[in-house]
Undergrad: 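Just passing along the structure, written as structure tokens.
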Amino acid sequence: MDMRAGSTPAENGQAAFREALIAAGLLIPTGVDGLYGRSGVFEDVVERFNDLITTWGSGDGADVMRFPPGVARHQFEQSGYLKSFPHLAGTVHAFKGDERAHQSLLRRLEEGEEWTDAQMATNVVLTPAACYPVYPTIAERGPLPADGALVDVYSYCFRHEPSLDPARMQMFRMREYVRVGTPEQVMEFRQSWVERGRALMESLALPVAVDLANDPFFGRAGRMLAASQRDQGLKFELLIPIASADQPTACLSFNYHQDHFGLLWDLRTPDGAVAHTACVGFGMERVALALFRHHGFDVKAWPAAVRAVLWG
Ligand code: ATP
Ligand code: ZN
Ligand code: MG
């Protein structure tokens, strides 16, 4: 088992669960921490859960948008992500050289030398959270209608946080509902999803707790941002024990950004005020892992009530 020196009991639990998932064929290792293939059974659970989210959210008439797992570089630069999370971002680089540069690339590869420093940045950045392409898209439309905007997005995301915890992947899927509007509209949306999210997860017979949380803002200034995010109650997470009982994992998050994205993208309500935004995010792999943890690796042996919710 891949247990590294100085591991805590929680980390050993994570590594053990990871090995078990790999042994069962649910996750397919690639040799890179946090980068996995998924089996057909795993994908079926993700797809059924995705449909369940749609069922719970469908009454609201969200505008469905699907983006590839890349954000336009100019939008990413404007989003402010690099101010808060430079340590998590992943940029797409590509070869742009001539034949000589190609020969040099092949030689360096052959000799085991560094070759990636010759790669040049493209205009694509890996999506860090599914909602990032939504704000500039809504901003393009001009002032919001009176009932604001509600968008349904689903995307693979990248975060550079390699880990032996199978619930902390570098590439994973996030389904989100994103609300843009007045502070009242946005707060009402978030509150309704805290309640719905809890009920949805309880319908899967999972042990859940909702708690205040903060984002991992970078650096010393970041610690202050995190503290103020907590003080203002801007982020809540729905936690489920996955690999460790005393360190439960965030499977859903409920985020109120106040006017952060509204100011960045000049999002306006009909009366000209800066719009507020909020989003609810579902970590698809984490929910699948929670189901495998609590109901076992054999989906046919899951409780009948849970099977009925997912497979009808
Ligand atoms: P954590 O505190 O565990 O790092 P987070 O606060 O960074 O989570 P969000 O930024 O709110 O998470 O992302 C929304 C959802 O995406 C999370 O609730 C979680 O379910 C999922 N998620 C976040 N990071 C990862 C990851 N590295 N691997 C798998 N799922 C993730
Ligand atoms: Zn979001
Ligand atoms: Mg995180």
Undergrad: Specify the closest pair of heavy atoms between A121 and R73, including all atoms of both residues, with the distance to one decimal.
TA: CB-NH2, 3.9 Å
Undergrad: Do the side chains of L212 and L234 join up, straight or via other hydrophobic residues, at under 4.5 Å, putting them in one cluster?
TA: no
Undergrad: How many angstroms lie between atom CZ of F282 and atom CG of L52, to the nearest 0.5 angstrom?
TA: 8.5 Å
Undergrad: Is W311 close to V299 at the side-chain level, that is, under 4.5 Å between some pair of heavy atoms?
TA: yes
Undergrad: Please confirm whether the backbone N or O of A275 pairs with a side-chain atom of R268, one donor and one acceptor, at under 3.5 Å?
TA: no
Undergrad: Can you tell me how far CG of L289 sits from CZ of F17, rounded to the nearest 0.5 angstrom?
TA: 5.5 Å
Undergrad: Do Y177 and M65 share a hydrophobic cluster, counting only Ile, Leu, Val, Met, Phe, Trp and Tyr and linking them when any side-chain heavy atoms are less than 4.5 Å apart?
TA: no
Undergrad: Looking only at atom types and distance, does a side-chain atom of R38 sit under 3.5 Å from a main-chain N or O of E43, one as donor and one as acceptor?
TA: no
Undergrad: In the single-linkage hydrophobic clustering (I, L, V, M, F, W, Y; side-chain heavy atoms under 4.5 Å), do V186 and F254 co-cluster?
TA: no
Undergrad: Hey, are the side chains of L27 and P166 touching, using non-hydrogen atoms and a 4.5 Å cut-off?
TA: yes
Undergrad: Between R175 and N50, is there a side-chain heavy-atom distance shorter than 4.5 Å?
TA: yes
Undergrad: Can you tell me if NZ on K96 sees more than 12 non-hydrogen neighbours from other groups inside 6.0 Å?
TA: yes
Undergrad: Given 3.5 Å as the limit, does a donor-acceptor pair link the side chain of S155 with the main chain of C157, or not?
TA: no
Undergrad: Would you please test W265 and H260 for side-chain contact (heavy atoms from CB on, under 4.5 Å) and show each step?
TA: CA-CA 9 Å; W265 296 107; H260 175 77; over 6 Å; no
Undergrad: Looking at side-chain heavy atoms only, is the closest gap between T127 and F158 below 4.5 Å?
TA: no
Undergrad: Any salt bridge between E285 and R168, counting N to O under 4.0 Å?
TA: no
Undergrad: I'd like to check R173 versus Y154 (side-chain heavy atoms, cut-off strictly below 4.5 Å). Are they in contact?
TA: yes
Undergrad: Just wondering, are more than 12 heavy atoms of other shown residues or ligands nearer than 6.0 Å to CD in E111?
TA: yes
Undergrad: State whether a side-chain donor-acceptor pair under 3.5 Å links E99 with Q103.
TA: no
Undergrad: Can the positive tip of R190 be found less than 6.0 Å from the middle of the six-membered ring of W193, inside 45° of the ring normal?
TA: no
Undergrad: Atom CG of L164 and atom CD of E19: how far apart are they, to the nearest 0.5 Å?
TA: 8.5 Å
Undergrad: Do E114 and R108 meet the salt-bridge criterion of a basic N to acidic O distance under 4.0 Å?
TA: no
Undergrad: Any side-chain heavy atom of L150 within less than 4.5 Å of one from V178?
TA: no
Undergrad: In plain terms, say whether D152 and R66 are close enough for a salt bridge, that is, a side-chain N and a carboxylate O under 4.0 Å apart.
TA: yes
Undergrad: Could you go through the side-chain contact (heavy atoms from CB on, under 4.5 Å) check for N12 and Q14 one step at a time?
TA: CA-CA 5 Å; N12 289 338; Q14 292 161 358; over 6 Å; no
Undergrad: Shortest non-hydrogen contact from P162 to Q170?
TA: CB-NE2, 3.7 Å
Undergrad: Distance from Y132 atom OH to M174 atom CE, nearest 0.5 Å?
TA: 9.5 Å
Undergrad: With no hydrogens and no angle check, do the side chains of Q232 and Q258 hold a donor and an acceptor under 3.5 Å apart?
TA: yes
Undergrad: Would R196 and D60 count as a salt bridge (Lys or Arg N to Asp or Glu O under 4.0 Å) here? Give the steps.
TA: CA-CA 12 Å; R196 265 193 268 182; D60 303 346; 2.9 Å; yes
Undergrad: Please name the pair of heavy atoms, one in G262 and one in V274, separated by the smallest distance, quoted to 0.1 Å.
TA: C-CG1, 3.6 Å
Undergrad: Are the side chain of S7 and the backbone N or O of E11 linked by a donor-acceptor pair below 3.5 Å?
TA: no
Undergrad: Which atoms form the tightest heavy-atom contact between A94 and T122, and what is the distance?
TA: CB-CG2, 3.5 Å
Undergrad: Does F292 form a side-chain contact (heavy atoms from CB on, under 4.5 Å) with W302? I'd like the steps, not just the answer.
TA: CA-CA 9 Å; F292 287 118; W302 284 7; 3.7 Å; yes
Undergrad: Can you tell me how far CE of M187 sits from OG1 of T182, rounded to the nearest 0.5 angstrom?
TA: 11.0 Å
Undergrad: Any donor-acceptor pair under 3.5 Å linking the side-chain atoms of S253 with those of N255?
TA: yes
Undergrad: May I have the step-by-step check of side-chain contact (heavy atoms from CB on, under 4.5 Å) for I242 and C251, ending in yes or no?
TA: CA-CA 10 Å; I242 299 185; C251 292; 4.0 Å; yes
Undergrad: Return the minimal non-hydrogen interatomic distance between P216 and L88, and the atom names on each side.
TA: CG-CD1, 4.3 Å
Undergrad: Do L126 and F172 share a hydrophobic cluster, counting only Ile, Leu, Val, Met, Phe, Trp and Tyr and linking them when any side-chain heavy atoms are less than 4.5 Å apart?
TA: no
Undergrad: Would you confirm whether Q229, through its side chain, and D215, through its main-chain N or O, come within 3.5 Å as a donor-acceptor pair?
TA: yes
Undergrad: Between the side chains of E188 and R179, is the shortest nitrogen-to-carboxylate-oxygen separation below 4.0 Å, so that they form an ion pair?
TA: no
Undergrad: Provide the closest heavy-atom pair for A167 versus R286 in the form atom of the first, atom of the second, distance.
TA: O-NE, 2.6 Å
Undergrad: Assign the ring pair Y81 / F85 to parallel, tilted or perpendicular, where the plane angle (0 to 90°) is split at 30° and 60°.
TA: tilted
Undergrad: Distance check, rounded to the nearest 0.5 Å: E110 atom CD versus W115 atom CH2?
TA: 14.5 Å
Undergrad: Where do R141 and D63 land on the salt bridge (Lys or Arg N to Asp or Glu O under 4.0 Å) test, with the steps shown first?
TA: CA-CA 13 Å; R141 295 180 177 171; D63 199 350; 3.2 Å; yes
Undergrad: Do L239 and V208 come close enough that some side-chain heavy atom pair is under 4.5 Å?
TA: no
Undergrad: So E237 and D211, do their side chains get closer than 4.5 Å, heavy atoms only?
TA: no
Undergrad: Check whether H276 reaches the backbone of E184 with its side chain - one donor and one acceptor, N or O, closer than 3.5 Å.
TA: no
Undergrad: Decide side-chain hydrogen bond (donor to acceptor under 3.5 Å, both in side chains) for S104 and H102; before the verdict, give the C-alpha distance in whole Å, the side-chain angles of both, and the deciding distance to 0.1 Å.
TA: CA-CA 5 Å; S104 156; H102 182 214; over 6 Å; no
Undergrad: Grouping I, L, V, M, F, W and Y whenever their side-chain heavy atoms are under 4.5 Å apart, do L310 and L26 come out in a common cluster?
TA: yes
